[in-house]
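For clarity, every value in this text was computed on a predicted model and none was experimentally measured. We count residues from 1, following the sequence as given.
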Amino acid sequence: MLEHIPAWLGHAMSGLRAGADKLAIAQLGTSFETLDLTSPAFAHEARMPPRFTADGEGVSPPLVWNAPPAGTAHMVLIVEDADAPTPQPLVHAIVWGLDADAGRLPEGAIVADGAGDAASAESAGSDVGRNSYLREGWLPPDPPSGHGEHRYAFQLFAVDAGAGAVGETPGRSAVIDAISGHVLAAGLLIGTYSRETEAPVGPVGVTASA
């Protein structure tokens, strides 16, 4: 939808951005360990290939992470646009209840799953939540033309068994409320994208071992 904003308006709004300080990972504090979150498709703070955006196939990118700390009950993924021209970051995906031992999320795995049925073996037991358009699944990046580079923050949280219930297809507020005070470790991967701004696709990140 944002791709339909004319470039002149995008330029005019270039200073209007939600801000990294409003990302979920910034709101949840710093008293937790660090997870190593990477993607085989792009490096940290590098440009995402169009395949994962509204300019391409619009599928979710693959993700890889190291083993979480002892006591982790499950993993939670929140993807937000820190540079959306909105008061709060735009939510592009939520996945609740990822297997703590999975270590990866395959390309295209973030899809609508209705009442929370697993979309694949890798995401068994997980539930895909609602993005900012109130739809389940991956919301492909579509920054306004002329607005400049946007930072898409892939935030992965290892949470303990005390995290609260969120119900089916949870939204951002419900997830943050449920995991607040229960995060054992967190990982952050930034992918960038822009329109009408020349930038090469970033180098490929670390590939998951077979």
Side-chain angles (χ1 to χ4, degrees), residues 1-4 18 22-25 27-28 37 39 41-42 48-65 73-100 102-143 150-159 163-180 182-183 186-191 193:
M1 296 177 70
L2 293 179
E3 72 269 23
H4 300 304
K22 295 180 182 177
L23 292 172
I25 198 167
Q27 294 186 10
L28 288 166
L37 177 63
S39 175
F42 60 92
M48 292 189 292
R51 173 174 177 75
F52 307 114
T53 76
D55 293 330
E57 290 84 348
V59 296
S60 60
L63 300 172
V64 180
W65 58 89
H74 60 87
M75 315 291 284
V76 177
L77 177 70
I78 301 177
V79 185
E80 299 177 289
D81 179 1
D83 296 297
T86 51
Q88 298 291 329
L90 200 67
V91 178
H92 284 261
I94 290 174
V95 186
W96 172 270
L98 283 165
D99 185 348
R104 63 190 290 269
L105 196 61
E107 178 179 306
I110 306 177
V111 295
D113 60 3
D117 295 334
S120 66
E122 289 86 354
S123 60
S126 65
D127 185 16
V128 176
R130 289 177 284 112
N131 56 46
S132 281
Y133 288 0
L134 303 181
R135 300 170 186 162
E136 288 183 302
W138 171 248
L139 177 62
D142 63 341
H150 279 222
R151 295 164 295 170
Y152 296 90
F154 294 76
Q155 304 156 97
L156 184 69
F157 304 97
V159 301
V166 293
E168 295 176 355
T169 63
R172 180 185 189 273
S173 295
V175 169
I176 289 179
D177 287 346
I179 68 176
S180 181
H182 298 282
V183 176
L188 175 66
L189 171 66
I190 299 291
Y193 198 69

I would like to know whether Met48 and Phe42 meet side-chain contact (heavy atoms from CB on, under 4.5 Å); could you show each step before the answer?
CA-CA 6 Å; Met48 292 189 292; Phe42 60 92; 3.8 Å; yes
The test is side-chain contact (heavy atoms from CB on, under 4.5 Å); show your working for Val95 and Val76 and say whether it passes.
CA-CA 6 Å; Val95 186; Val76 177; over 6 Å; no
I'd like to know if the side chain of Trp138 and the backbone of Phe52 have a donor-acceptor N/O pair within less than 3.5 Å.
yes
Before giving the answer on side-chain hydrogen bond (donor to acceptor under 3.5 Å, both in side chains), spell out for Asn131 and His92 the whole-Å C-alpha distance, their side-chain angles and the decisive distance to 0.1 Å.
CA-CA 5 Å; Asn131 56 46; His92 284 261; over 6 Å; no
With side chains defined as the heavy atoms from C-beta onward, is the minimum distance between Leu139 and Leu90 less than 4.5 Å?
yes
Within the 4.5 Å heavy-atom criterion, are Leu63 and Leu77 side-chain neighbours or not?
yes
Quick check: does any side chain N or O of Glu136 sit under 3.5 Å from a backbone N or O of Gly114, one acting as donor and the other as acceptor?
yes
List the residues meeting side-chain hydrogen bond (donor to acceptor under 3.5 Å, both in side chains) with Glu57, not counting sequence neighbours, and say none if there are none.
Arg51
Is it the case that the side chain of Asp127 and the backbone of Glu168 share a donor-acceptor pair, with hydrogens and angles ignored and the cut-off at 3.5 Å?
no
side-chain contact (heavy atoms from CB on, under 4.5 Å) between Leu189 and Leu156, intermediate numbers included
CA-CA 9 Å; Leu189 171 66; Leu156 184 69; over 6 Å; no
Could you report the tightest heavy-atom contact between Gly187 and Leu37, atom names first, then the distance?
O-CD2, 3.9 Å
Donor-acceptor contact below 3.5 Å, side chain Ser126 vs main chain Leu98
no
Could you check if a side-chain atom of Trp65 sits within less than 4.5 angstrom of a side-chain atom of Leu105, using non-hydrogen atoms only?
yes
For the pair Tyr152 and Asp83, evaluate side-chain hydrogen bond (donor to acceptor under 3.5 Å, both in side chains) and give the outcome as yes or no after the intermediate values.
CA-CA 8 Å; Tyr152 296 90; Asp83 296 297; over 6 Å; no
Which atoms form the tightest heavy-atom contact between Pro170 and Val175, and what is the distance?
CB-CG2, 3.8 Å
Side chain to side chain, Leu188 and Phe154, heavy atoms closer than 4.5 Å:
no
Side chain to side chain, Val159 and Met75, heavy atoms closer than 4.5 Å:
no
For Arg130, what residues pass the salt bridge (Lys or Arg N to Asp or Glu O under 4.0 Å) criterion, not counting sequence neighbours?
none
4.5 Å side-chain heavy-atom contact, Pro89 and Asp81
no
Taking all non-hydrogen atoms of both residues into account, name the closest pair between Ala174 and Val166 and its distance.
O-CG1, 3.7 Å
Under the 3.5 angstrom rule, does the side chain of Ser39 hit a backbone N or O of Pro62 as a donor-acceptor pair?
yes
Would you mind checking if Glu80 and Lys22 are paired as a salt bridge, meaning a charged N to carboxylate O distance below 4.0 Å?
no
List the residues meeting ring pair (Phe, Tyr, Trp, His ring centres under 6.0 Å) with His74, not counting sequence neighbours, and say none if there are none.
Trp96
Walk me through whether Asp113 and Val111 qualify under side-chain contact (heavy atoms from CB on, under 4.5 Å).
CA-CA 6 Å; Asp113 60 3; Val111 295; 5.8 Å; no
Tell me the closest heavy-atom pair linking Gly137 and Ile110, and the distance in Å.
C-CG2, 3.8 Å
What are the two closest non-hydrogen atoms of Gln155 and Ile25, and how far apart are they?
OE1-N, 2.8 Å
Evaluate the side-chain proximity of Leu28 to Phe157: yes if any heavy-atom separation is below 4.5 Å, no if none is.
yes
Would you name the heavy atoms of Ala73 and Ala100 that are closest together and state the gap between them?
O-CB, 4.2 Å
